[in-house]
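Since the structure comes first, as structure tokens, the remarks are kept for the end.
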Amino acid sequence: MNSSDPLFKALADPSRRKLLDLLYASDGQTLGQLCRHLDMTRQSITQHLDVLEAANLVATRRRGREKLHFLNPVPLQEIYERWISKFDRPRLVALERLKRRLEGEEK
Amino acid sequence: MSKSTFVYVTFIRTSPERLWSALTTPDFIRQYWFGMTCESEWKPGSAWRLIFEDGRIADAGEILEADPPRRLLIKWRNEWNAEMKAEGDALCAFEIEAVPDVAPQAVKLSVTHSIEKPESKFIAAVSGGWPRILSNLKSLLETGEAVLKTGKRSP
């Protein structure tokens with residue numbers, strides 16, 4: 001299995017994307033807080049969170065007896081770099097050149 | 001929640017020792033941190049500074065804990081923006097765990113950046129930077145080359 005397969009599988013499910021949206025809106029939520037926004041059993045939400053954690057899209061931290069869930073943007077950054085950074089680089093180079101010209105360092 | 005916290009996790013194919021050295025060696029830091037210089041003795045109580053390419057101090061603080069190659073805790077304060085500086089000290093923890101039973105060897109790096117203040121501008125500001133820095137660090141350790149050479153965002 002390719003190392004990015006769990007990531008794409010995790011993103012393929014609308015409920016899991018909803019969970020990521022909820023964490024994006026407010027990071028560091030408990031399972032109980034997340035349950036309030038979703039019309040699903042606690043058990044299935046736990047399963048979805050496990051899939052997200054296995055794909056490294058969600059990171060958890062303990063605070064006393066509570067388990068807090070955080071959106072981890074690092075794997076998404078890697079997707080961005082994989083397909084976008086190639087197109088980004090010439091644009092950044094062009095912008096740098098424009099900046100230098102406007103600032104009068106290049107004739 | 002009276003606190004602002006962001007957590008970033010990345011898995012890197014390397015050893016805990018190599019990752020620790022990547023996090024604490026200025027010449028290496030510069031390669032994945034967009035040219036920033038980082039100065040410290042990396043011992044509990046030693047000063048810590050992050051310096052822009054043009055020499056201005058970006059952030060400053062103190063090493064609170066250093067347990068190589070497992071845990072590094074930095075007291076971290078913004079220095080370049082008055083509003084963010086006024087928020088005071090944040091804490092940044094780097095935790096390195098070896099991933100058991102995988103070949104080639106891999107480690108889990110967790111970075112937790114927090115401040116005792118809700119809706120922190122400083123934590124919001126660093127949160128855009130960390131994914132880029134950590135993803136760059138991963139590429140550099142795994143392939144010997146950083147993907148992003150500049151910290152600038154595309155428009």
Side-chain angles (χ1 to χ4, degrees), chain A residues 1-7 10 20 23-30 32-34 49 52-64 66-100 103, chain B residues 1-13 32 34-35 91 93-95 97 99 102-104 106-116 118-120 123-124 126-143 145-155:
Chain A
M1 193 166 77
N2 190 292
S3 65
S4 54
D5 284 355
L7 174 62
L20 294 177
L23 292 176
Y24 180 75
S26 174
D27 219 4
Q29 297 191 59
T30 61
Q33 287 169 322
L34 290 167
L49 285 170
L52 289 169
E53 199 173 348
N56 198 27
L57 285 163
V58 164
T60 56
R61 279 283 170 276
R62 291 224 159 259
R63 191 185 57 190
E66 286 178 320
K67 189 179 180 187
L68 307 180
H69 299 80
F70 292 88
L71 174 66
N72 180 31
V74 180
L76 298 173
Q77 176 72 36
E78 283 154 16
I79 295 182
Y80 173 85
E81 277 160 26
R82 180 168 165 184
W83 284 295
I84 311 292
S85 63
K86 179 175 112 176
F87 306 106
D88 225 13
R89 219 171 294 149
R91 194 154 48 151
L92 288 172
V93 170
L95 276 174
E96 280 295 328
R97 204 170 289 149
L98 176 65
K99 178 178 183 287
R100 280 206 304 273
E103 289 173 354
Chain B
M1 216 167 137
S2 61
K3 206 174 165 179
S4 302
T5 303
F6 279 88
V7 182
Y8 309 90
V9 178
T10 187
F11 291 86
I12 306 177
R13 291 200 187 282
Y32 63 82
F34 312 121
L91 287 178
F94 294 84
E95 288 159 299
E97 296 161 67
V99 179
V102 290
V107 291
K108 179 182 182 181
L109 170 66
S110 308
V111 179
T112 309
H113 214 149
S114 63
I115 196 164
E116 292 292 335
E119 315 275 318
S120 159
I123 296 297
V126 295
S127 71
W130 275 126
R132 297 159 68 80
I133 294 162
L134 295 179
S135 151
N136 238 11
L137 168 64
K138 176 183 163 77
S139 305
L140 188 58
L141 281 169
E142 290 181 350
T143 70
E145 201 185 343
V147 172
L148 302 169
K149 309 287 187 203
T150 167
K152 290 183 190 109
R153 281 180 172 282
S154 52

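Reminder, nothing fancy here: chain letters follow the sequence lines and each chain counts from 1. These values consider heavy atoms only, across backbone and side chains, with no hydrogens, waters or symmetry-generated copies.
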* **A:Glu81 bridged to B:Lys138 by N-O distance under 4.0 Å** => no
* Heavy-atom distances under 4.5 Å only: say whether B:Glu95 touches chain A with side chain, backbone, both or neither. => side chain
* Structure fact -> From the list A:Ala59, A:Pro75, A:Ser26, A:Pro73, the residue making the most non-hydrogen contacts under 4.5 Å with chain B is A:Pro73
* **Proximal component of A:Leu76, with respect to chain B [non-hydrogen, under 4.5 Å]** => neither
* Asked: Is the shortest heavy-atom distance from the side chain of A:Leu49 to the side chain of A:Thr60 under 4.5 Å?
  -> no
* Could you tell me whether the side chains of B:Thr5 and A:Arg61 share a donor-acceptor contact shorter than 3.5 Å? => no
* **Side chain / backbone / both / neither for B:Lys108 at chain A, heavy atoms under 4.5 Å** => neither
* Distance from A:Asn72 atom CG to A:Asn56 atom CG, nearest 0.5 Å? -> 4.5 Å
